[in-house]
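Quick notes on the structure that follows.
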Amino acid sequence: MRADLEVTGPHGPIPVRVYEPDGAAEAVLVWAHGGGFRHGDLDMPEADMVGAELSRRANAVVVSVGYRLAVDGVRYPVPIDDVHAVWTWVTARTDLPARRAIGGASAGAALAVSAALRATASPPDLLLLAYPFAHFPTPTLGHGRTLENIEDMVRNYVGRISDLPADALPGAARLDGLPPAYIVLSESDDLRPSGELLERQLREAGVPAESFLAPGTTHGHLNRPDDVPDAVDASLGFFAAALRAPRQAPRWLRRDGEPRIEFGADYNPEQWPREVWADDVRAMREAGVTIVSLGIFAWARLEPAERRYDFGWLDEVMDLLHAAGILVDLATPTASPPPWLTTRHPEILPVDRDGRTVWPGARQHWRPTSPVFREHALRLVRALARRYADHPALAAWHVNNELGCHNVHDYSDDAARAFRGWLRRRYTTLDALNAAWGTDFWSQRYGEWEQILPPRYANGPVNPTQQLDFKRFSSDALKEHYLAERRILREITPDVPVTTNFMVAGPINEMNYPDWAAEVDFVANDHYTRPGPQSRDELSFSANLCGNLISGRPWFLMEHSTSAVNWQPVNVPKLPGELARDSLTHVAHGADGVCFFQWRQSRAGAEKFHSAMLPHAGTSSAIFAAVTDLGARLRSLSGVAGLARTPSDVAVVIDYESWWAAEQDSHPTDRLRYRDEALDWYTALLDAGVRADVVPVSADLTGYRLVVAPILHLVPAALRQRLEEYAAGGGHLVTTYFSGIVDEFDHAWLGGYPGALRDLLGIRVEEFAPLLDGESVPLSTGTSGTLWSERVEVTDPAVTVLAAYAGGGAAVTRRAVGAGSAAYISTRLGPQGLLVILDELLSPAGVVSELPPDLRGKVELAVRGPVRFLINRTAEPVELSAVAGAPQTLPARGVVVLLSPGTPG
Ligand code: GAL
């Protein structure tokens, strides 16, 4: 619905066109078209089409302003006065939604920002700016629009080109306090630097700003919807997703019915002839499958040639699954680009550190920062979302697959460009970057942004801060790809949750998941065990961290294996009982979905020897029987669904930045493995029968009695202060060797180690003394340390030495800090060595095991509200007579679930 009205302003009536959505409005937008301040009207596409489309797509009331143009003597600030008057009129209306935005295109974007700067009494909630013309002189003057042209525009608008008022072209104004800004940039636009500069300026002023680069466009593309329909569509989608009221995350699947634990797998029907599909669905029902992740690697089948879609077969599968009551977690099939795309656009292929092209043949052969890949991927996502938006089986979106599994570190020219942009946003000036990167070392000082490269192959160690920033950037670049897909999915299916499968498992650390977690509607994880004595504990550790990425809320185990995988050097099958124990351990730590890779074991392809729910042997197999039993067991546990993890008294802190920084090259030893140390602590705590939470460093630590932060290498000043306050507030902190050493720029804290934590710990270390392979240092506790040692000088009388090196000198110390304490372990003790000193650390914190003495070490306890899980850590049955309501014995590798005291599940 649209209506032409007039609003009274300081210079007389102002024509406005109001667009109303069909349903209840969620937001209101005041919009100003462009036209160099002197052209344009309410009928141009940039006003009329944009107004109508944004109203429809975002359920918004859009008020498009026919402000006075700079003609016939009209000049600055009259157009701003008009836009501001309309804003005032809108904000005074109580019948309009509370969520308010202001925006515009080109010169209109400048007017929108200037009006927002004035609107201090009723500020907007967000800014939508299309290819803003926000500066004079413009940052660079490219091709096309000449200098005279721009000068003429400004002279006509303001009357002069010098001594401009700050808000005339508002890039010159104070921008702090403005609301979050969403900026659409035209790709080949000589005014694009103005939009990019504005984005950087906003960020520098503390204003969140996000931009979308519309591929293949020139300035003013919203005015030419027929020429570049896809880019216009994508730009409007970007704005609409921002304008719409934010969804409440976290959210769970779109489905009706009682809470339950979901059960299923990746389903790849495209690998099988159609006749098999009905058998699949029958067997799924038999196994109790409730959900499948569909179409993950189906790009080549869904878009067999550019823009030629074949959704027929997927329609059929979706219908079949729906008829059987099975939900679909539908994948955007963007993980593996098809041959037609890589043949036509080899420039999307990643480049490794040595400059080698990553050729097709496997999967994920795409650059996270390639605009060409992005365009093709997003077009497919849009087509898929439109096709299945209303399909009743669609319960969630599964974006791509394990983003970054194979392509996280791309060193291509696209990556170089994007890296520079990321660095400009981070540091703003080259001086700041040079200081942060310490470029006076080895003559690395940069004079132009264009000189900066990713840390490509070099003949020696590459600048460590460059490496660290590249890791940060690479994680962000992939997250950015996820967000770009999510924007489209949220725009088309606002009520369908969006997630992507994380890889919280073993040594995988390239994606900073604590930072990603806020962007998914629910956390989903893939976990595969690796052989070794701590394999089971590692699974628990990973599940535990997943459960704490969003404050203890339920999450979704998207993949694990029924038995052997195919990608380890030797692929060992699971022992009887392990399949269920592994699954239930994830549930114990908050998983409300248990899925496998994959439903039916492939007949061809690289994964034909990877286990599945339905193995090559068919339904008459031990695996299928174990799968079916698990399905039944999970059904009996529906009472667990929705329950948050119950926090424990002990936290083991994980910090991805410390992980990255601690394992960089040119260090005292290259043998240090951050996560192994963290896992050792977790194992030692399990051995002591103590429940711990594995939490990101950003978590609120104040509720924990004991916080173990192993190898907390990178400690910015703010983190040091948090930890000092934690201990001063009565908390008990434990940290280890190589902690507190550098700040966020990877610069050493001076004055002696452990740098930032030296005063808190009351010790000082001058030199590290890493140990050679096979070397160990005996300790007074009877155990010994490996990997690392130090000569620890005690500098504070409040420090007690808990263990000494047999050759002399403190090895483990604790400093009393008010009612709290700060302890330090200067060598690698391993789980057994840690267990020996653990009591000394737990007792002052008042932490005690919740398990009867006989069960400590043999059984892991996990708690979700009233429900307790007892997991057998051993290969022997464990006597449970000491546990009220439990059965007599817990079988080898078994799990008992006590739904409420006295009700084993
Ligand atoms: C995962 C991946 C799956 C499958 C699985 C095999 O990393 O997402 O597609 O390859 O590994 O273990």
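In listed order, ligands and their atoms are each counted from 1.
Close approach to Asn401 involves these atoms of ligand 1, each under 4.0 Å from a residue heavy atom: 2 (C), 8 (O), 9 (O). For ligand 1, the atoms closer than 4.0 angstrom to any heavy atom of Trp567 are 6 (C), 12 (O). Close contacts between ligand 1 and Glu402 involve ligand atoms 1 (C), 2 (C), 7 (O), 8 (O) [criterion: under 4.0 Å to a heavy atom]. If you number the atoms of ligand 1 from 1 as listed, the ones under 4.0 Å from a heavy atom of Phe597 come out as 3 (C), 4 (C), 5 (C), 6 (C), 9 (O). Taking every non-hydrogen atom of Phe297 and a distance limit under 4.0 Å, the qualifying atoms of ligand 1 come out as 9 (O).
Classification of Arg367 and Glu347 as a salt-bridged pair fails, no side-chain N sitting under 4.0 Å from a carboxylate O. With salt bridges taken as basic N to acidic carboxylate O contacts below 4.0 Å, one links Glu262 and Arg260. A salt bridge is absent between Asp582 and Arg536: the closest approach of a Lys/Arg side-chain nitrogen to an acidic carboxylate oxygen does not fall below 4.0 angstrom. Between Glu657 and Lys471, no side-chain nitrogen of the basic residue sits less than 4.0 Å from a carboxylate oxygen of the acidic one, so the salt-bridge criterion is not met.
At a 4.0 Å heavy-atom cut-off, ligand 1 does not touch Met503 at all. Only side-chain heavy atoms of Arg363 come within less than 4.0 Å of ligand 1; its backbone N, CA, C and O stay farther off. Residue contacts with ligand 1, taken as heavy atom pairs separated by less than 4.0 Å, involve Glu607 solely via side-chain atoms from C-beta onward.
With Asn268 contributing its side chain and Glu270 its backbone, the two residues share no donor-acceptor pair below 3.5 Å.
In this structure, CZ on Arg353 lies 11.5 Å from NE2 on His409, to the nearest 0.5 angstrom.
Distance from atom 5 (C) of ligand 1 to its nearest protein heavy atom, with residue and atom name: Tyr528 OH, 3.4 Å. Protein heavy atom in closest approach to atom 1 (C) of ligand 1: Glu559 OE1, 3.1 Å.
Taking the ring centre of Trp660 as origin, the terminal cationic atom of Arg472 falls outside the region bounded by 6.0 Å and 45° from the ring axis.
Of the candidates Arg254, Arg490, Arg486, Arg490 is the only one forming a side chain to side chain donor-acceptor pair (under 3.5 Å) with Asp521.
Residue-to-ligand polar distances place His610 within reach of ligand 1: an N/O pair is separated by less than 3.5 Å.
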